Amino acid sequence: MLDIRLLREDAASVKARLATRSGNYSDLIDQILACDARRRESETRVQHLRAEKNRLSKEIGGLKKSGSDSSELEAQVKGFSNEMEDLGRLATELDAEQRNLLLQVPNLPAPGLPEGRDAEANVAIKHWGEPGPANPEDHVAIGERLGLLDLERAAKISGSGYVLFTGAGARLERALINFLLDLQTRSHGYTEIAPPVLVRRECMEGTGQLPKFEEDMYGFDGGNSFLTPTAEVSVTNIRRDEILSESELPLKYTACTPCFRREAGSAGRETRGMIRMHQFDKVELVKITTPEQAAAELESLTADAEKVLQLLSLPYRVLELCTGDIGFSSQRTYDLEVWAPGQGAYLEVSSCSHFGDYQARRMNLRYKDANGKNQFCHTLNGSGTALPRLYVALLETHTKPGGPLILPEPLQPYYGAAQIG
RNA sequence: GGUGAGGUGGCUGAGUGGUCGAAAGCAGCGCUUUGCUAAAGCGCCGUACUCCAAAAGGGUACCGAGGGUUCGAAUCCCUCCCUCACCGCCA
């Protein structure tokens, strides 16, 4: 959520920065400012009336105490109450409306991002490893040949967009998860969390999935609880509504959870195999920091995610996303894309973002700074990494046509063998 | 699911209709004194919104949340949420 003061003070530059995103927010900003003006006006009037009413009520108290008659004043105050009722209701309504509108405004892209309307304008800022030649066998073929997964039966029990790992394939997924969590906790200092995957609506608003993207989410109980589309939601909200002490920042959490996404509107895109699914596992990295720490923490978070791909010998590139391609709540994002030879394409396996105080404002997450002032925290997160696409790249990179899957050395102790098949 | 007890400021904890935003203690901050790895005394010490060009200073709201009663609610009534204890059921 943006600071309403920023909108009041410099609406023009807010609009200009939002204009670099896809979508048009100019009218929404005007609407918010109009609402804000009306809200403040009615609030001020209510407050003046209440002040007067409070004053008279106290006078009545004094009269009663001394045994004098107060019926005249009482009648007067009663008149006040009626007048206030409508005004008070209006002020409350306008306040809710303003928040509601404000929740629909995305974060401002950080200054200095590459400008562009869509992914075309993203900038590759780093390449690691040498993308291998195309593999005629893709992960579906390899997985079925080696007996690692069964997409047909997954569809039978759940529909399309689900995977059923079997035998060695299930064991491999488990080995990957343990490898990833151990890496992030032991080598990179994250605290492991095992959160619920069903959360309240407020959490989804806090991180920015709601109210805008409700149709992409699995909701229950009339929209009061949701399956999390990413552990970002549950984990970032752990400290919602809290005031942290500066000394405990930065906080670094990691969690592996199933993620649930309707993927509404993506039908037909990348639907073969396990590129895009309704349920998948993901290791998430989350940081809560001071504003000063955030920029450096984004770099290290991205490096923490990259380490996964390096240790698994999977070539990848890092993209800096342009203004039109960063997520709704993000102000700056690096995408990690792993090379998948069976696809002949790069696959996004991690999206590392700095949200500024945008999420913190939504979830009222603050810390007490050195001067004793309450400040909004900054939040960051990134995948470390998504499991299915990592799995895809692993299979397609480390399997020769017709051959076994050769496990990268760091993964071998977790799986308990050097190869599969 | 049943029964019972509760939810007050960073924490502990008073307060059952009237100057209560809320006693007291602890923690924190400032000053003073004595001195030494601390003690004592004094003062300050919630949040949000809003008025004012700003500061200073006003005002309003907030005692789990939302409604209600009343001239006036932390205090009374209703609904909901949550916590704890015991019972039942259960992976």
Side-chain angles (χ1 to χ4, degrees), chain A residues 1-10 32-103 194-206 220-226 234 237-249 251 257-258 288 290 357 360-377:
Chain A
M1 190 157 66
L2 299 184
D3 187 352
I4 182 67
R5 290 190 192 86
L6 182 63
L7 267 70
R8 268 184 225 150
E9 282 160 21
D10 197 358
I32 291 169
L33 287 172
C35 183
D36 181 53
R38 289 181 62 208
R39 188 201 106 236
R40 282 193 292 164
E41 194 205 322
S42 64
E43 224 163 73
T44 303
R45 287 172 62 194
V46 171
Q47 288 181 1
H48 284 323
L49 278 174
R50 283 226 181 97
E52 183 64 7
K53 179 180 156 191
N54 287 344
R55 195 181 63 73
L56 292 175
S57 287
K58 278 182 183 172
E59 233 174 87
I60 291 168
L63 287 175
K64 292 235 164 170
K65 210 165 225 173
S66 66
S68 316
D69 175 58
S70 58
S71 51
E72 198 174 312
L73 272 181
E74 282 181 36
Q76 199 180 333
V77 177
K78 200 157 194 174
F80 264 90
S81 300
N82 296 334
E83 190 178 344
M84 261 166 36
E85 207 161 292
D86 288 344
L87 259 180
R89 196 182 348 256
L90 178 66
T92 309
E93 272 168 22
L94 288 170
D95 193 64
E97 184 185 336
Q98 180 174 324
R99 179 181 164 81
N100 218 5
L101 291 170
L102 223 35
L103 284 178
V197 294
L198 197 66
V199 300
R200 299 171 180 285
R201 167 170 273 271
E202 299 93 274
C203 292
M204 300 283 278
E205 283 181 354
F220 299 88
D221 299 337
N224 285 319
S225 40
F226 292 83
S234 48
N237 275 284
I238 290 174
R239 299 303 202 111
R240 179 158 58 92
D241 272 322
E242 290 190 30
I243 299 176
L244 311 176
S245 66
E246 185 164 5
S247 59
E248 62 186 312
L249 302 178
L251 287 167
T257 68
I288 298 173
T290 66
D357 63 10
R361 280 180 190 281
R362 286 174 163 248
M363 63 177 90
N364 199 25
L365 166 61
R366 294 171 294 174
Y367 74 100
K368 213 170 260 305
D369 71 12
N371 302 318
K373 282 283 285 177
N374 293 336
Q375 309 268 15
F376 286 108
C377 298

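The chains referred to below are lettered A, B, ... by the order of the sequence lines, with proteins before strands, and numbering in each begins at 1. Remember, predicted model here, so these are calculated numbers, not experimental data.
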What's [X] touching, base or sugar-phosphate or nothing? Going by heavy atoms closer than 4.0 Å.
{"X": "A:R8", "value": "sugar-phosphate"}
{"X": "A:L73", "value": "nothing"}
{"X": "A:R45", "value": "nothing"}
{"X": "A:R366", "value": "sugar-phosphate"}
{"X": "A:N374", "value": "sugar-phosphate"}

Rounding to an integer number of angstrom, what distance separates [N] and [M] when you compare their [atom1] atoms?
{"N": "B:G25", "M": "B:G46", "atom1": "P", "result": "16 Å"}
{"N": "B:C63", "M": "B:G7", "atom1": "P", "result": "14 Å"}
{"N": "B:U34", "M": "B:A53", "atom1": "P", "result": "50 Å"}
{"N": "B:A27", "M": "B:A5", "atom1": "C1'", "result": "29 Å"}
{"N": "B:A56", "M": "B:U47", "atom1": "P", "result": "14 Å"}

*A:K368 vs A:V46, nearer the 5' end of RNA chain B by closest nucleotide*: A:K368
*Would you name the heavy atoms of A:V199 and A:S234 that are closest together and state the gap between them?*
CG1-CB, 4.0 Å
_Taking any atom closer than 4.0 angstrom to a non-hydrogen atom of chain A, what span of RNA chain B does the protein reach, first nucleotide to last?_
B:G18 to B:C82
*asked:* Checking base pairs now: Watson-Crick or wobble, both atom distances under 3.5 Å. What partners B:U12?
replied: B:A24
*B:A48 pairs with, by Watson-Crick or G-U criteria that keep both distances under 3.5 Å*: B:U60
